[in-house]
Number of protein chains: 2
Amino acid sequence: MTPVNLKSLAEQLNMSIATVSRALRDSHEVSDATKARVRALATALNYEPNAYASSLRRNLSKTIGVVIPKVANHFFALAINGIEEAARQSGYHVLIYLTHDDYAREVSIVQHLKGGRIDGLLMSVASGTEDFAHIKSLQETNLPIVFFDRVCAEVATAKVTTNDYESGYRATEHLILAGCRHVAHLLISNNLSIGQFRQQGYLDALQAHGLTPDPDLVLHGVMDNEQNVALIRELLLRRPDIDGVFASVERLAISTYHVCKELGRRIPEDVKIIGFSNLEAAALLDPPLSTITQPAYEIGREAAKILLRAVEKKKAVLPAQSIVLESTLFERRSTASE
Amino acid sequence: MTPVNLKSLAEQLNMSIATVSRALRDSHEVSDATKARVRALATALNYEPNAYASSLRRNLSKTIGVVIPKVANHFFALAINGIEEAARQSGYHVLIYLTHDDYAREVSIVQHLKGGRIDGLLMSVASGTEDFAHIKSLQETNLPIVFFDRVCAEVATAKVTTNDYESGYRATEHLILAGCRHVAHLLISNNLSIGQFRQQGYLDALQAHGLTPDPDLVLHGVMDNEQNVALIRELLLRRPDIDGVFASVERLAISTYHVCKELGRRIPEDVKIIGFSNLEAAALLDPPLSTITQPAYEIGREAAKILLRAVEKKKAVLPAQSIVLESTLFERRSTASE
DNA sequence: TTTATTTACGCAAACGTTTTCACCCGCCGT
DNA sequence: ACGGCGGGTGAAAACGTTTGCGTAAATAAA
């Protein structure tokens, strides 16, 4: 079977490769008659241009990369959904890479991306990442980058996030208004701005309602869920006065549920819980979990749109293009007052 | 800034492009001394080979494609996780495409994939797909394809699935042994082998326990969740004798929970429910949901491994490489007998 | 010493596409 | 009649890499 490429098409049509190429790209400098002939044969033979030859020549790949910590998490899954949608609409392909929150892996992935494989990058940085040299170095190759959710303050580019400060504030306030006096905050130990914002919202809400923040009530979770359960168990046992838990991460809310069941703490009577979460089944949990839910799909889609606009214009992504989308607080039984 | 490619490296090192290329690929026909010099400069300048030039020349892209219905679903998210892991270990990149269970979109995606962008394809077909010409046509370009979960019987290639028949049988039997006499089966309307196997398991389990299958108890769900809720509500109202529900799809189990709450049917006292699901929070639902859980991560990883083996050997994927992984039945309160 | 054989490297052709440049031809205006 | 113009086309270079082949020097075999 002879390959179907520009050359073979040109031979069968008795014209030059150049004309065939131009006809297929609908160039104005080829007659309508020839265009028709070319297109007819192309579709008949199911011609599909070789992506790599085109990418090599034009120095663009019609592909964007997505680097995220994990995919088995409803937030990121929804974000990918939004990204894929935006990319598809613009005729772009999506390469996906998982860091598993591992710094070394993130560095390795980013390094590989310098091969020109992608025209732009969407990224949610690993929680352990403290040095951003690899990202900056990638940016210096003129590759447009847009961060979403787990943004990196040190790199000047567009960022798509949710109103993390307000969300932390509102979640905490919600617990206080439901009667909590000793509110714990569970977060993932990292130096990402996102965690800091939520923490600040938590602190300010406490103060605004006349409660004194207690560092002992702030628990920094780790990667391993088993360890988190142990940490939370230890916290709840050490501080039986805790009557409210604000989990900045879905997994930590789930772990808290497990610990409460194990220790016989009733939700919401003994402990009220609210957590950041995109879990579809939150309303079906026992009891239904109050959540701060981020517009994950929209975040992904908006981030991709911003990136693609920059890619198409072949210019860097402007920090000014950053946007903040609002999360929604869903009140459910886990924070019900009597 | 001059580009850092083979030519620039060669100039700086005063040797030919060919030698530089061979040195970097660790060819035996270049001396250790030159290899060292080349590698030193390459790492110093952060050289990364142009992926597209390489792909074009070698006619392989070190990239595999993944076409799935959706990603916002824990099963597929976990599968991607496994796929990415296997791909990364072999130095492959992963392109992802979502069909949203839309046949036209699937066809369009598969057509685009003929551009040589990928070396192999992992696929879980859309539920609405009935014609497989697009897939066969892609396969005829000698592209290795491996199906996972939602396999396509008409195409001869490797498939990775779970023991769907046995799972359907065991789930149904589990309900019967818990005391159910009128077991409904909720599935997604499609002609995929996977659904048929589960349905057959359901039927055989009924017969094996002396119950007569009733077509009226088999409900074919649709894409839209609202409609499914309506369908299930109608079914439970029309057949108040239903005391067991086997949901072949996670979403249908969740919808059944909603309907039961709405209608005041108690789970498991009035209706027992078991469903295929990879939901992490199944144990935290109210009541905890009994599940048949597929080894999603392993499915993805195994499928990717089989595909990559075929890709590396540049030969078609053999149907004989198909494997079946076993699902696990988790007994929880939603199917507890008194 | 002469003749094979190996070792280390360079030349140049591919891969399929895009694009610059030149070309031919027919047509207009003068 | 002639210069100019523009629409339509082709030849060929480029993108960066890989690789078959050739070749010189160095080594081994005769």
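Here is the naming used below: chain letters follow the sequence lines, and residue numbers restart at 1 for every chain. Note that this is a predicted model, so its numbers are computed, not measured.
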Going by salt bridge (charged side-chain N to carboxylate O under 4.0 Å, His left out), name the residues that satisfy it together with A:D32, two or more places apart in sequence or in a different chain. none
Counting any heavy atom closer than 4.0 Å, what does B:S55 reach on the DNA or RNA strands: base, sugar-phosphate only, or nothing? nothing
Given 3.5 Å as the limit, does a donor-acceptor pair link the side chain of A:R37 with the main chain of A:L13, or not? yes
Enumerate the protein-to-nucleotides 10-14 of chain C contacts in which both atoms are nitrogen or oxygen and the separation is below 3.5 Å.
| residue | atom | partner | partner atom | Å |
| --- | --- | --- | --- | --- |
| C:dG10 | OP1 | B:S16 | N | 3.2 |
| C:dG10 | OP2 | B:S16 | N | 2.9 |
| C:dG10 | OP2 | B:S16 | OG | 2.8 |
| C:dG10 | OP2 | B:T19 | OG1 | 2.2 |
| C:dG10 | N7 | B:R22 | NH2 | 3.2 |
| C:dG10 | O6 | B:R22 | NH2 | 2.7 |
| C:dA14 | N3 | B:R57 | NH1 | 2.9 |

Heavy atoms from other residues, nucleotides or ligands near NE2 of B:H134 exceed 12 (cutoff 6.0 Å): yes
Pairs satisfying ring-ring contact (aromatic ring centres under 6.0 Å, His included), at least one member in residues 3-59 of chain A, at least two apart: A:Y52-B:Y52
Contacts of A:R39 that satisfy salt bridge (charged side-chain N to carboxylate O under 4.0 Å, His left out) - sequence neighbours left out: A:D26
Report which part of the nucleic acid A:S21 touches: base, sugar-phosphate, or nothing (heavy-atom distance under 4.0 Å, all strands). base
Run the side-chain hydrogen bond (donor to acceptor under 3.5 Å, both in side chains) test against B:N46 and tell me which residues pass, sequence neighbours left out. A:Q111
Check each residue of residues 43-54 of chain B for a non-hydrogen atom within less than 4.0 Å of any atom in DNA chain C, then write out the ones that pass by number, or none. none
Which heavy atom of B:V94 sits nearest a heavy atom of B:E84, and at what distance? CG2-CA, 4.2 Å
Donor-acceptor pairs are to be reported for all side-chain atoms of residues 65-74 of chain B against protein atoms at under 3.5 Å, with residues two or more places apart or in another chain.
| residue | atom | partner | partner atom | Å |
| --- | --- | --- | --- | --- |
| B:N73 | OD1 | B:F75 | N | 2.8 |
| B:N73 | OD1 | B:F76 | N | 3.3 |

From B:I80 atom CD1 to B:I96 atom CD1, the distance as rounded to the nearest 0.5 Å: 3.0 Å
Partner set under salt bridge (charged side-chain N to carboxylate O under 4.0 Å, His left out) for A:D101, not counting sequence neighbours: A:R150
Tell me, please, the opening and closing nucleotides of DNA chain D, 5' to 3', among those with an atom under 4.0 angstrom from a non-hydrogen atom of chain B. D:dG16 to D:dG20
Would you please name every residue forming a salt bridge (charged side-chain N to carboxylate O under 4.0 Å, His left out) with A:R88, sequence neighbours left out? A:E85
What do you reckon, is NE2 of B:H100 surrounded by more than 12 foreign heavy atoms closer than 6.0 Å? yes
Among all residues two or more places apart in sequence or in another chain, which pass the side-chain hydrogen bond (donor to acceptor under 3.5 Å, both in side chains) test with A:T161? none
Describe the nucleic acid contact of B:N59 in one word from base, sugar-phosphate, nothing, applying a heavy-atom distance below 4.0 Å. nothing
Measure the distance from CG on A:L24 to C1' on C:dT19 and round it to the nearest whole Å. 15 Å
The bend of the helix from C:dT1-D:dA30 to C:dT30-D:dA1, taken between the axes of its five terminal pairs at each end and rounded to 10°, is 50°
